[in-house]
Amino acid sequence: MTDAPGPGPIRVLIADDQRVVRDGLSMLVALIDDVEVVGTACDGAEAVRLAEEHRPDVVLMDLRMPGTDGIAATADLRQRLPATRVLVLTTYADEDAIMPALRAGARGYLTKDASAEQIEAAIHAVHAGQTHLDPAVQERLVTAVLSHAPADGPTVPGPGQKPPGGLTAREAEVLTLLAAGLSNAEISKRLYLSHATVKTHINRIFAKTGARDRAQAVRYAYQHGLATPVQ
């Protein structure tokens with residue numbers, strides 16, 4: 001069974017407890033050529049109910065809402081509608097918001113100062129099965145990983161040492177570039193590999209590290225010394 005998106009416009013559901021935000025997002029998203037807004041919800045419970053009714057491809061999910069919040073709704077949707085991808089769009093970019101949202105199953109995370117172009121790109125990315133993190137969110141995620149690393153830090157494999165997790169040298173190199181924030185196309189250009197080869201390497205990295213998506217792969221890279229924070 002394939003997890004590839006089907007034909008037709010991307011069906012989007014918007015969940016936010018502030019009506020002015022819902023209406024604004026609805027108008028903005030509706031302007032995207034290949035996207036259709038199928039509904040709006042004022043809290044997590046309504047988001048789940050409307051998602052089961054309309055079967056959206058992507059849910060734009062606020063986190064802090066009365067009653068059922070966005071994290072609980074995301075976890076519920078992951079169980080009920082695994083083909084529906086959740087893209088968090090929230091004011092908060094702290095570890096206490098990011099980590100629970102990703103664990104609940106969110107495939108993307110944006111803050112509400114994101115531009116229309118960033119929102120459009122994120123919708124397309126998560127719909128295609130990719131992970132999309134706001135740069136500020138990715139930086140917070142990396143900081144969180146490093147702050148929970150052992151005091152003596154990760155051990156970087158030296159010359160002659162094998163990469164962790166059964167990774168090949170090339171897979172470790174690809175993972176390092178992925179953790180640095182490079183896209184598949186940029187990795188392809190940097191390493192003089194075809195796009196298909198890069199995708200194959202990334203799929204093997206996911207399988208060997210147990211990562212569900214790019215965010216978890218980045219976390220693995222920092223935990224195992226395959227990436228270092230930018231000074």
What I'd like to find out is whether the side chain of L178 reaches to under 4.5 Å of the side chain of I202, using heavy atoms alone. yes
Are V126 and L81 connected in the hydrophobic side-chain network, where two residues link if heavy atoms are under 4.5 Å apart? no
Between the side chain of Q118 and the main-chain N/O of S115, is any donor-acceptor distance below 3.5 Å? yes
Any carboxylate oxygen within less than 4.0 angstrom of a Lys/Arg side-chain nitrogen, looking at E186 and K189? no
In Å and rounded to the nearest 0.5 Å, what is the OG1 to CZ distance from T40 to R22? 5.5 Å
If you measure only the distance, is there a donor-acceptor pair under 3.5 Å linking the side chains of T200 and T197? no
Measure across L63 and A101 and return the closest heavy-atom pair with its distance rounded to 0.1 Å. CD2-CB, 4.3 Å
Cluster overlap L13 with I10, hydrophobic side-chain contacts below 4.5 Å: no
Can you tell if the side chain of R219 reaches within under 4.5 Å of the side chain of M99, non-hydrogen atoms only? yes
Could you pull out the closest heavy-atom pair between A221 and L175, with the gap in Å? CB-CG, 3.8 Å
Walk me through it: do T68 and V48 pass the test side chain to side chain contact (heavy atoms under 4.5 Å, CB included)? CA-CA 10 Å; T68 303; V48 173; 5.8 Å; no
Quick check: is Y192 connected to L182 through a chain of hydrophobic side chains (ILVMFWY, heavy atoms under 4.5 Å apart)? no
Do you know the tightest heavy-atom contact between L28 and A116? CD1-CB, 4.0 Å
Tell me whether D43 contacts the main-chain N or O of G67 through its side chain, where contact means a donor paired with an acceptor under 3.5 Å. no
Does Q79 offer a backbone N or O that forms a donor-acceptor pair with the side chain of D76 under 3.5 Å? no
Considering only heavy atoms from C-beta outward, does the side chain of E120 approach that of H124 to under 4.5 Å? yes
I'd like to know whether L31 forms a side chain to side chain contact (heavy atoms under 4.5 Å, CB included) with V29, so could you lay out the CA-CA distance, the side-chain angles of the two residues, the decisive distance to 0.1 Å, and finally the verdict. CA-CA 5 Å; L31 292 174; V29 172; over 6 Å; no
Taking T84 for the side chain and V58 for the main chain, is one N or O donor matched with an acceptor at less than 3.5 Å? no
Run through H54, E53, R55 and flag the one making a side-chain contact (heavy atoms from CB on, under 4.5 Å) with V38. H54
Is there a path of hydrophobic side-chain contacts, each under 4.5 Å between heavy atoms of I, L, V, M, F, W or Y residues, that connects M61 with I14? no
Could you walk me through whether V198 and L191 pass the side chain to side chain contact (heavy atoms under 4.5 Å, CB included) test, one step at a time? CA-CA 9 Å; V198 170; L191 298 181; 6.0 Å; no
Which atom names give the shortest non-hydrogen contact between S188 and S194, and what distance separates them? OG-C, 3.7 Å
Are Y222 and L167 connected into the same hydrophobic cluster when the rule is that any two of I, L, V, M, F, W, Y join if their side-chain heavy atoms are below 4.5 Å apart? yes
So do C42 and R19 actually touch side chain to side chain, heavy atoms under 4.5 Å? no
Quick one: does K208's side chain have a donor or acceptor within less than 3.5 Å of a partner on G166's backbone? yes
Under 3.5 Å, side chain of H224 to main-chain N/O of Y220, donor-acceptor pair present? yes
With no hydrogens and no angle check, is any side-chain donor or acceptor of T209 less than 3.5 Å from a backbone partner on I205? yes
Do D62 and K112 meet the salt-bridge criterion of a basic N to acidic O distance under 4.0 Å? yes
Measure the shortest side-chain to side-chain distance between P100 and I71 over non-hydrogen atoms and say whether it is less than 4.5 angstrom. yes
Taking CZ in R212 as the centre, count heavy atoms belonging to other residues, nucleotides or ligands within less than 6.0 Å. Is the count above 12? yes
Smallest heavy-atom separation, M65 atom then G44 atom, equals CE-N, 3.6 Å
Walk me through whether E173 and T176 qualify under side chain to side chain contact (heavy atoms under 4.5 Å, CB included). CA-CA 5 Å; E173 191 174 13; T176 296; 5.7 Å; no
Without swapping roles, check the side chain of R214 against the backbone of T131 for a donor-acceptor pair under 3.5 Å. no
Side-chain donor/acceptor of R107 to backbone N/O of G129, under 3.5 Å: yes
